[in-house]
Amino acid sequence: MNRSPQKAHLRLVTPGDPAAAERPEDAPPADPKAAVEDAFRRYAPLVASLGLRITALRDEIDDFVQEVFLRATRGIGALRHQGATKAWLVSITINVARQRLRVRKLRKMVGLASSPDEQEDIVDPALSPEDRLLLTRMYRALDALPVNQRLAWSLRHIEGERLETVALLCGCSLATAKRRIVAAQKAISEAVV
C-alpha cells in the first residue's frame, strides 16, 4: 500500500531507528516550557487533524488539543530521545481520543448524547451528496463500534498506518490489532451497504 506524504507524519520513530538520528529538528529544547511551546507550534495542527478524524468531535477539537498538550506539559521532561516528540504526541493524542470516545459512549448509554446528525459536520460539503451520505453512515457505524475497534480501524484505514504501528499505538498485540480491524470492517461494511 502506498503511503501518501500527508500520512507519513504519523510513522513512529522508535529508539535506535535511523530516522531518529536524521531528524534533529524534532529534538525538544532543554527547557520544558520551551519544549511544550515548540511542540505546540510544530504539532498542534497534526494533533487537531488526527483527533478530528478519529473522534469526529469538531465542536470539541480545541479542548481536545488543549488536553493533549496539558498532558504533554506534565511529561515532556521525561522525553529521552531526540526526534521522539512527534511520535510521543501522537500516542498522547490516541490516548485522549480513546478517553473521549469512551465518555461519548457512556453519555449515549445514559441518554445524554448529542443529536444523531453530529457526524455530518465532519464530512466535506464539497463532496457529492452520495459521498456525503456514505461518509456519514461510516461515521455512524464507527460510533456504534467498541472504542478499541474504532481506534484500530481508524488508524489503519483512515490514517493509513501499518499494522505494527496500529498495534503499538493501541497498546495491544499485532494479532489483537488485526482482530479488531477485521471486526470493525465487518460491522462498517454491514452498516454502510
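Below, each value reflects all heavy atoms present in this structure, side chains not excepted, and no hydrogens, waters or symmetry copies. Please read these numbers as outputs of a predicted model, since none were measured by experiment.
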Give the minimum heavy-atom separation between [X] and [Y], together with the two atoms involved.
X      : Y      : result
Leu151 : Ile54  : CD2-CG2, 3.5 Å
Lys105 : Pro146 : CE-CA, 4.0 Å
Gly51  : Thr93  : N-CG2, 4.2 Å
Ile158 : Tyr139 : CD1-OH, 4.1 Å
Arg104 : Ala56  : NH1-O, 4.3 Å
Ala72  : Ile92  : CA-CD1, 4.1 Å

Would you say that [X] contacts [Y] through its side chain, given a criterion of any heavy-atom pair below 4.5 Å between the two side chains?
X      : Y      : answer
Arg102 : Asn148 : yes
Glu159 : Thr165 : no
Ile188 : Arg137 : no
Val96  : Arg100 : yes
Phe64  : Val47  : yes
Arg98  : Leu169 : no
Phe69  : Leu89  : yes
Leu70  : Arg74  : yes

Carboxylate-amine/guanidinium proximity below 4.0 Å for Arg41 and Glu37: no
Asp143 and Arg140 ion-paired at < 4.0 Å: no
Apply side-chain hydrogen bond (donor to acceptor under 3.5 Å, both in side chains) to Arg179 and list each qualifying residue two or more places apart in sequence or on a separate chain. Thr176
Tell me whether Val166 shares a hydrophobic cluster with Val182, the cluster being built from Ile, Leu, Val, Met, Phe, Trp, Tyr side chains joined at under 4.5 Å. no
